[in-house]
Participant: 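This is the structure I have questions about; it appears just below.
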Amino acid sequence: MKAAILYAPHDMRLALRDDPVLEPGDLILRVKATTICGTDIRVYRGRKTAGIRYPSVIGHEFSGEIIASGGSETYTPGLRVGVCPAIPCGRCTQCLRGLENLCPDLQAIGYEIDGAFAEYIRIPARAVELGNVHVLSDTVTDCDAALIEPFACVLNGQNKVGLQQGDKVVILGAGPIGALHVKLARLRGASRVIVSEPNAARRAAALQAGADVVIDPSAVDLRAAVRSETRGQGANVVICAIGIPSLAAQAVGLAAKGGGISLFAGFSNGELGTLDVNAIHYDELRVTGSFGLSRRDYEDALNMVTDGRIDLRDMVTHRYGLQEVAAAFAMAESGAAMKVAITDV
Ligand SMILES: [Zn+2]
Ligand SMILES: [Zn+2]
(Lines give C-alpha, C1' and ligand atoms only; values in the text may rest on other atoms or scores of the structure.)
(Ligands and ions follow the chains in the order given, each with its own letter.)
Protein backbone atom coordinates (compact mmCIF):
# COMPACT_ATOMS: atom_id res chain seq x y z
CA MET A 1 0.00 0.00 0.00
CA LYS A 2 0.94 3.64 -0.25
CA ALA A 3 1.73 5.36 3.02
CA ALA A 4 3.29 8.62 4.18
CA ILE A 5 6.27 7.34 6.12
CA LEU A 6 7.96 9.47 8.75
CA TYR A 7 11.65 8.54 8.50
CA ALA A 8 12.92 11.28 10.77
CA PRO A 9 11.85 14.78 11.84
CA HIS A 10 11.24 16.90 8.71
CA ASP A 11 11.47 13.76 6.55
CA MET A 12 8.10 12.29 5.65
CA ARG A 13 7.71 10.75 2.20
CA LEU A 14 5.14 8.76 0.33
CA ALA A 15 6.38 5.20 -0.15
CA LEU A 16 5.15 1.69 -0.64
CA ARG A 17 4.99 -0.62 2.32
CA ASP A 18 3.39 -4.01 2.99
CA ASP A 19 -0.37 -4.03 3.46
CA PRO A 20 -1.35 -4.52 7.11
CA VAL A 21 -1.91 -8.17 8.04
CA LEU A 22 -5.18 -9.18 9.72
CA GLU A 23 -4.79 -11.05 13.02
CA PRO A 24 -7.73 -12.64 14.86
CA GLY A 25 -10.06 -9.96 16.21
CA ASP A 26 -8.44 -7.14 14.21
CA LEU A 27 -10.05 -4.92 11.63
CA ILE A 28 -8.46 -3.60 8.48
CA LEU A 29 -9.87 -0.29 7.27
CA ARG A 30 -9.49 1.52 4.02
CA VAL A 31 -8.80 5.03 5.28
CA LYS A 32 -11.53 7.47 4.19
CA ALA A 33 -10.30 10.68 5.81
CA THR A 34 -7.42 11.71 8.07
CA THR A 35 -7.10 15.24 9.40
CA ILE A 36 -3.77 16.82 10.28
CA CYS A 37 -3.46 17.65 13.97
CA GLY A 38 -1.24 20.30 15.54
CA THR A 39 0.45 17.38 17.27
CA ASP A 40 1.24 15.77 13.89
CA ILE A 41 2.99 19.00 12.95
CA ARG A 42 4.92 19.02 16.23
CA VAL A 43 5.94 15.41 15.56
CA TYR A 44 6.95 16.29 12.00
CA ARG A 45 9.09 19.15 13.29
CA GLY A 46 10.70 16.92 15.92
CA ARG A 47 9.19 18.95 18.78
CA LYS A 48 7.27 15.94 20.06
CA THR A 49 9.13 12.65 20.21
CA ALA A 50 7.39 10.71 23.03
CA GLY A 51 5.90 7.51 21.61
CA ILE A 52 7.22 8.27 18.12
CA ARG A 53 9.10 5.59 16.15
CA TYR A 54 11.13 6.05 12.97
CA PRO A 55 10.20 4.94 10.44
CA SER A 56 6.48 4.86 11.14
CA VAL A 57 3.13 6.13 9.93
CA ILE A 58 1.49 8.84 12.04
CA GLY A 59 -2.10 10.15 11.85
CA HIS A 60 -4.58 9.63 14.69
CA GLU A 61 -7.65 11.61 13.50
CA PHE A 62 -9.32 9.36 10.96
CA SER A 63 -12.27 7.40 9.70
CA GLY A 64 -12.40 4.41 7.42
CA GLU A 65 -14.37 1.63 5.83
CA ILE A 66 -13.95 -1.91 7.09
CA ILE A 67 -12.51 -4.11 4.36
CA ALA A 68 -11.53 -7.11 6.47
CA SER A 69 -12.67 -8.30 9.87
CA GLY A 70 -10.93 -10.91 12.00
CA GLY A 71 -14.08 -12.55 13.33
CA SER A 72 -16.24 -9.77 14.78
CA GLU A 73 -19.98 -10.05 14.12
CA THR A 74 -20.56 -6.37 14.87
CA TYR A 75 -17.89 -4.94 12.61
CA THR A 76 -18.33 -6.32 9.13
CA PRO A 77 -16.85 -5.29 5.79
CA GLY A 78 -18.52 -2.29 4.18
CA LEU A 79 -19.30 -0.44 7.42
CA ARG A 80 -17.90 3.06 7.90
CA VAL A 81 -16.31 3.57 11.30
CA GLY A 82 -14.67 6.19 13.47
CA VAL A 83 -11.98 5.08 15.90
CA CYS A 84 -10.85 6.45 19.26
CA PRO A 85 -7.08 6.17 18.80
CA ALA A 86 -6.17 5.89 22.51
CA ILE A 87 -6.15 2.32 23.81
CA PRO A 88 -5.71 2.10 27.60
CA CYS A 89 -4.57 -0.95 29.57
CA GLY A 90 -7.75 -0.95 31.67
CA ARG A 91 -5.97 -2.31 34.77
CA CYS A 92 -3.66 0.34 36.19
CA THR A 93 -4.50 2.77 38.96
CA GLN A 94 -5.16 5.63 36.48
CA CYS A 95 -7.48 3.45 34.40
CA LEU A 96 -9.34 2.33 37.52
CA ARG A 97 -9.77 5.95 38.59
CA GLY A 98 -11.35 7.04 35.34
CA LEU A 99 -8.16 8.68 34.04
CA GLU A 100 -7.45 6.23 31.26
CA ASN A 101 -5.96 9.00 29.08
CA LEU A 102 -3.13 9.10 31.65
CA CYS A 103 -2.55 5.32 31.55
CA PRO A 104 1.23 4.70 31.53
CA ASP A 105 0.67 1.78 29.15
CA LEU A 106 -1.54 3.76 26.78
CA GLN A 107 -1.08 2.61 23.21
CA ALA A 108 -2.21 5.14 20.65
CA ILE A 109 -2.90 4.64 16.97
CA GLY A 110 -0.74 7.17 15.14
CA TYR A 111 2.03 6.92 17.76
CA GLU A 112 2.92 3.50 19.19
CA ILE A 113 0.70 1.85 16.56
CA ASP A 114 0.90 2.80 12.88
CA GLY A 115 -1.56 5.54 11.97
CA ALA A 116 -3.77 6.73 9.18
CA PHE A 117 -1.69 8.70 6.67
CA ALA A 118 -1.88 5.54 4.57
CA GLU A 119 -4.24 3.69 2.27
CA TYR A 120 -5.06 1.05 4.89
CA ILE A 121 -4.84 0.82 8.64
CA ARG A 122 -4.98 -2.09 11.06
CA ILE A 123 -7.14 -1.65 14.16
CA PRO A 124 -5.80 -4.05 16.80
CA ALA A 125 -8.17 -6.60 18.36
CA ARG A 126 -7.70 -4.96 21.74
CA ALA A 127 -9.17 -1.66 20.47
CA VAL A 128 -12.11 -3.53 18.94
CA GLU A 129 -12.77 -5.36 22.23
CA LEU A 130 -12.53 -2.16 24.30
CA GLY A 131 -15.16 -0.30 22.27
CA ASN A 132 -12.79 2.12 20.52
CA VAL A 133 -14.51 1.47 17.18
CA HIS A 134 -17.84 3.15 16.36
CA VAL A 135 -20.05 2.47 13.36
CA LEU A 136 -20.98 5.83 11.81
CA SER A 137 -24.45 6.97 10.96
CA ASP A 138 -25.05 8.34 7.46
CA THR A 139 -25.33 11.88 8.85
CA VAL A 140 -21.67 11.85 9.92
CA THR A 141 -19.31 12.53 7.02
CA ASP A 142 -15.87 10.95 6.73
CA CYS A 143 -14.22 14.26 7.66
CA ASP A 144 -16.65 14.83 10.56
CA ALA A 145 -15.65 11.42 11.89
CA ALA A 146 -11.95 12.25 11.63
CA LEU A 147 -12.62 15.39 13.69
CA ILE A 148 -14.27 13.48 16.55
CA GLU A 149 -10.84 12.86 18.10
CA PRO A 150 -9.79 16.53 18.45
CA PHE A 151 -13.34 17.46 19.46
CA ALA A 152 -13.24 14.78 22.17
CA CYS A 153 -9.93 16.23 23.44
CA VAL A 154 -11.64 19.65 23.63
CA LEU A 155 -14.50 18.05 25.56
CA ASN A 156 -11.98 16.56 28.00
CA GLY A 157 -10.38 19.98 28.47
CA GLN A 158 -13.69 21.74 29.18
CA ASN A 159 -14.79 18.94 31.53
CA LYS A 160 -11.52 19.20 33.48
CA VAL A 161 -11.70 22.99 33.85
CA GLY A 162 -15.42 22.70 34.71
CA LEU A 163 -16.85 25.07 32.11
CA GLN A 164 -20.45 25.74 33.16
CA GLN A 165 -23.57 27.36 31.85
CA GLY A 166 -23.35 31.14 32.25
CA ASP A 167 -19.56 31.26 32.29
CA LYS A 168 -17.68 34.02 30.54
CA VAL A 169 -14.99 32.28 28.57
CA VAL A 170 -11.76 33.49 26.99
CA ILE A 171 -10.08 31.30 24.40
CA LEU A 172 -6.48 32.11 23.50
CA GLY A 173 -5.85 31.05 19.92
CA ALA A 174 -8.37 30.50 17.14
CA GLY A 175 -6.79 27.72 15.16
CA PRO A 176 -8.86 24.56 14.69
CA ILE A 177 -8.69 23.70 18.39
CA GLY A 178 -9.74 27.21 19.40
CA ALA A 179 -12.68 27.02 16.99
CA LEU A 180 -13.76 23.68 18.47
CA HIS A 181 -13.56 25.22 21.95
CA VAL A 182 -15.80 28.06 20.77
CA LYS A 183 -18.41 25.65 19.41
CA LEU A 184 -18.43 23.53 22.55
CA ALA A 185 -18.48 26.49 24.95
CA ARG A 186 -21.55 27.78 23.09
CA LEU A 187 -23.25 24.41 23.37
CA ARG A 188 -22.51 24.29 27.10
CA GLY A 189 -24.25 27.63 27.60
CA ALA A 190 -21.34 30.04 28.03
CA SER A 191 -22.76 33.54 28.42
CA ARG A 192 -19.87 35.22 26.60
CA VAL A 193 -17.19 33.72 24.39
CA ILE A 194 -14.20 35.97 23.80
CA VAL A 195 -11.39 34.89 21.49
CA SER A 196 -7.89 36.33 21.31
CA GLU A 197 -6.08 35.70 18.04
CA PRO A 198 -3.56 37.81 16.09
CA ASN A 199 -4.44 36.30 12.66
CA ALA A 200 -7.36 38.19 11.04
CA ALA A 201 -8.63 35.20 9.02
CA ARG A 202 -8.71 33.10 12.16
CA ARG A 203 -10.54 35.82 14.06
CA ALA A 204 -13.18 35.73 11.32
CA ALA A 205 -13.36 31.93 11.64
CA ALA A 206 -13.83 32.28 15.41
CA LEU A 207 -16.79 34.61 14.86
CA GLN A 208 -18.23 32.14 12.39
CA ALA A 209 -17.78 29.36 14.95
CA GLY A 210 -19.91 31.36 17.40
CA ALA A 211 -17.61 33.71 19.33
CA ASP A 212 -19.23 36.91 20.62
CA VAL A 213 -16.08 39.00 20.54
CA VAL A 214 -12.68 38.63 18.92
CA ILE A 215 -9.61 40.53 20.06
CA ASP A 216 -6.35 41.14 18.24
CA PRO A 217 -3.78 40.91 21.06
CA SER A 218 -1.13 42.48 18.84
CA ALA A 219 -3.20 45.65 18.51
CA VAL A 220 -4.80 46.13 21.94
CA ASP A 221 -4.05 45.37 25.58
CA LEU A 222 -5.58 41.92 25.99
CA ARG A 223 -6.12 42.16 29.74
CA ALA A 224 -7.86 45.52 29.48
CA ALA A 225 -9.99 44.27 26.58
CA VAL A 226 -11.08 41.17 28.49
CA ARG A 227 -11.89 43.25 31.58
CA SER A 228 -14.03 45.61 29.54
CA GLU A 229 -15.87 42.67 27.89
CA THR A 230 -16.58 41.08 31.29
CA ARG A 231 -17.77 44.15 33.22
CA GLY A 232 -14.42 44.38 34.92
CA GLN A 233 -14.63 40.88 36.38
CA GLY A 234 -12.38 38.79 34.14
CA ALA A 235 -13.27 35.41 32.69
CA ASN A 236 -14.66 32.45 34.61
CA VAL A 237 -12.73 30.15 32.31
CA VAL A 238 -9.60 30.88 30.26
CA ILE A 239 -8.51 28.25 27.75
CA CYS A 240 -4.95 28.28 26.45
CA ALA A 241 -5.21 26.72 22.99
CA ILE A 242 -1.62 27.67 22.11
CA GLY A 243 1.31 26.04 23.90
CA ILE A 244 3.47 29.06 24.74
CA PRO A 245 4.53 29.45 28.40
CA SER A 246 4.26 33.25 28.36
CA LEU A 247 0.69 32.92 27.15
CA ALA A 248 -0.14 30.66 30.09
CA ALA A 249 1.20 33.39 32.34
CA GLN A 250 -1.01 35.93 30.58
CA ALA A 251 -4.01 33.61 30.96
CA VAL A 252 -3.78 33.81 34.75
CA GLY A 253 -4.19 37.59 34.51
CA LEU A 254 -7.40 37.23 32.49
CA ALA A 255 -9.28 35.07 35.00
CA ALA A 256 -12.00 36.28 37.35
CA LYS A 257 -11.74 35.47 41.05
CA GLY A 258 -12.45 31.76 41.47
CA GLY A 259 -11.90 31.19 37.76
CA GLY A 260 -10.30 28.30 35.96
CA ILE A 261 -7.41 28.23 33.52
CA SER A 262 -7.11 25.28 31.17
CA LEU A 263 -3.63 24.57 29.85
CA PHE A 264 -5.06 22.77 26.86
CA ALA A 265 -2.26 22.98 24.29
CA GLY A 266 0.89 20.94 24.75
CA PHE A 267 4.23 22.61 25.46
CA SER A 268 7.63 21.45 24.27
CA ASN A 269 9.50 19.05 26.51
CA GLY A 270 11.49 20.86 29.20
CA GLU A 271 9.81 24.24 28.73
CA LEU A 272 9.21 26.02 32.00
CA GLY A 273 6.83 28.87 32.58
CA THR A 274 6.30 31.50 35.25
CA LEU A 275 2.83 31.97 36.70
CA ASP A 276 1.56 34.61 39.13
CA VAL A 277 1.28 32.29 42.14
CA ASN A 278 0.01 35.16 44.26
CA ALA A 279 -3.02 35.59 42.00
CA ILE A 280 -3.62 31.83 41.96
CA HIS A 281 -3.56 31.80 45.76
CA TYR A 282 -5.58 34.88 46.65
CA ASP A 283 -8.10 34.63 43.81
CA GLU A 284 -8.50 30.86 44.29
CA LEU A 285 -7.78 30.16 40.64
CA ARG A 286 -7.78 26.61 39.35
CA VAL A 287 -5.18 25.64 36.77
CA THR A 288 -6.05 22.40 35.01
CA GLY A 289 -4.10 20.42 32.50
CA SER A 290 -5.72 18.21 29.94
CA PHE A 291 -4.17 15.55 27.82
CA GLY A 292 -5.83 13.58 25.05
CA LEU A 293 -9.11 11.81 25.48
CA SER A 294 -10.85 8.81 26.98
CA ARG A 295 -13.09 6.35 25.18
CA ARG A 296 -16.02 8.03 26.89
CA ASP A 297 -15.01 11.47 25.62
CA TYR A 298 -14.88 10.01 22.12
CA GLU A 299 -18.33 8.49 22.40
CA ASP A 300 -19.81 11.67 23.91
CA ALA A 301 -18.26 13.79 21.15
CA LEU A 302 -19.49 11.43 18.44
CA ASN A 303 -23.01 11.50 19.87
CA MET A 304 -23.07 15.31 19.82
CA VAL A 305 -22.08 15.33 16.16
CA THR A 306 -24.38 12.44 15.19
CA ASP A 307 -27.34 14.16 16.87
CA GLY A 308 -26.59 17.45 15.13
CA ARG A 309 -25.85 19.43 18.29
CA ILE A 310 -22.40 20.32 16.99
CA ASP A 311 -21.71 21.07 13.33
CA LEU A 312 -18.14 20.35 12.23
CA ARG A 313 -18.70 20.73 8.50
CA ASP A 314 -17.05 24.15 8.27
CA MET A 315 -13.86 22.93 9.97
CA VAL A 316 -12.11 21.30 7.02
CA THR A 317 -11.00 24.05 4.64
CA HIS A 318 -8.44 22.11 2.57
CA ARG A 319 -8.49 18.56 1.15
CA TYR A 320 -5.69 16.62 -0.50
CA GLY A 321 -5.15 13.11 -1.79
CA LEU A 322 -2.61 10.90 -0.02
CA GLN A 323 -0.07 11.45 -2.81
CA GLU A 324 -0.15 15.19 -1.94
CA VAL A 325 0.69 14.63 1.72
CA ALA A 326 3.72 16.95 1.60
CA ALA A 327 1.60 19.80 0.24
CA ALA A 328 -1.06 19.04 2.85
CA PHE A 329 1.47 19.32 5.69
CA ALA A 330 2.88 22.52 4.21
CA MET A 331 -0.63 23.99 4.14
CA ALA A 332 -1.32 22.90 7.72
CA GLU A 333 2.00 24.38 8.85
CA SER A 334 1.35 27.68 7.07
CA GLY A 335 -1.51 28.59 9.38
CA ALA A 336 -3.63 29.64 6.39
CA ALA A 337 -6.01 26.69 6.81
CA MET A 338 -8.33 25.58 9.55
CA LYS A 339 -8.35 21.78 9.27
CA VAL A 340 -6.48 20.08 6.45
CA ALA A 341 -7.75 16.63 5.47
CA ILE A 342 -6.28 13.80 3.47
CA THR A 343 -9.22 12.08 1.83
CA ASP A 344 -9.77 9.47 -0.84
CA VAL A 345 -12.28 11.65 -2.69
ZN1 LIG B 1 -5.21 15.24 17.29
ZN1 LIG C 1 -3.96 1.78 32.38
Side-chain angles (χ1 to χ4, degrees), residues 4 6 12 31 33-45 47-52 56-64 82-117 121 124 126-127 129-132 142-158 173 175-181 183-184 239 241-243 262 264-267 289-298 301-302 305 312 315-316 318 325 328-329 332-333 337-342:
L6 180 71
M12 187 163 68
V31 176
T34 309
T35 45
I36 298 177
C37 177
T39 308
D40 294 323
I41 294 171
R42 288 171 57 225
V43 168
Y44 175 70
R45 290 174 173 167
R47 298 237 182 104
K48 178 179 168 67
T49 51
I52 304 300
S56 70
V57 178
I58 62 171
H60 58 273
E61 304 178 354
F62 65 98
S63 60
V83 182
C84 173
I87 309 166
C89 82
R91 290 184 294 270
C92 71
T93 182
Q94 281 81 1
C95 282
L96 295 179
R97 285 159 186 260
L99 297 168
E100 65 180 48
N101 55 318
L102 304 181
C103 171
D105 294 322
L106 197 74
Q107 299 275 302
I109 297 172
Y111 298 91
E112 292 84 4
I113 301 164
D114 269 348
F117 292 118
I121 185 168
R126 181 157 176 72
E129 279 162 27
L130 285 174
N132 287 57
D142 297 332
C143 283
D144 284 347
L147 293 171
I148 299 301
E149 191 272 346
F151 183 50
C153 294
V154 162
L155 183 61
N156 177 33
Q158 293 197 11
I177 288 293
L180 291 173
H181 272 295
K183 286 173 188 271
L184 184 61
I239 296 168
I242 303 173
S262 168
F264 182 86
F267 300 91
S290 99
F291 168 69
L293 75 166
S294 66
R295 289 167 295 162
R296 179 182 172 170
D297 295 324
Y298 189 95
L302 179 58
V305 174
L312 301 178
M315 292 294 301
V316 171
H318 295 73
V325 66
F329 265 72
E333 273 196 291
M338 283 303 272
K339 271 293 192 181
V340 177
I342 306 281

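All figures in this text were calculated on a predicted structure; none of them were measured in a lab. Whatever order the structure lists them in is the order used to number ligands and atoms, beginning at 1.
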Participant: Quick one, Cys92 and Pro104 - any side-chain contact, counting heavy atoms below 4.5 Å?
Facilitator: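 Yes - at least one pair of side-chain heavy atoms lies under 4.5 Å apart.
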
Participant: Measure from the Zn ion (ligand 1) to each N, O or S atom of Cys37 and report whether any distance is below 2.8 Å.
Facilitator: yes

Participant: Would you confirm whether Asn132, through its side chain, and Ala86, through its main-chain N or O, come within 3.5 Å as a donor-acceptor pair?
Facilitator: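 Side chain of Asn132 to backbone of Ala86: a pair is present.
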
Participant: Closest N/O/S atom of Glu61 to the Zn ion (ligand 1), by atom name?
Facilitator: OE2

Participant: Please indicate how many protein N/O/S atoms are found closer than 2.8 Å to the Zn ion (ligand 2), with waters neither displayed nor included.
Facilitator: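 For the Zn ion (ligand 2), the figure is 4.
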
Participant: Enumerate the ring pair (Phe, Tyr, Trp, His ring centres under 6.0 Å) contacts for residues 90-110, please, sequence neighbours excluded, ordered by first and then second residue.
Facilitator: none

Participant: Angle at the Zn ion (ligand 1): provide the value between OE1 of Glu149 and NE2 of His60, rounding to 10 degrees.
Facilitator: 90°

Participant: Counting heavy atoms not belonging to Arg42, are there more than 12 under 6.0 Å from its CZ?
Facilitator: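 Correct, the count exceeds 12.
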
Participant: For a ring-ring contact (aromatic ring centres under 6.0 Å, His included) check, start with the C-alpha distance between Phe329 and Phe117, then their side-chain angles and the critical distance, and finish with the verdict.
Facilitator: CA-CA 11 Å; Phe329 265 72; Phe117 292 118; 5.4 Å; yes

Participant: In chain order, what residues pass the side chain to side chain contact (heavy atoms under 4.5 Å, CB included) check against Cys37, with sequence neighbours excluded?
Facilitator: Thr39, Asp40, His60, Glu61, Lys339

Participant: Is Asp40 close enough to the Zn ion (ligand 1) to have an N, O or S atom under 2.8 Å?
Facilitator: no

Participant: Using a 4.5 Å cut-off on heavy atoms from C-beta on, say whether the side chain of Cys153 contacts that of Phe264.
Facilitator: yes

Participant: How would you list all residue pairs meeting salt bridge (charged side-chain N to carboxylate O under 4.0 Å, His left out) that involve residues 86-101, not counting sequence neighbours?
Facilitator: Glu100-Arg295

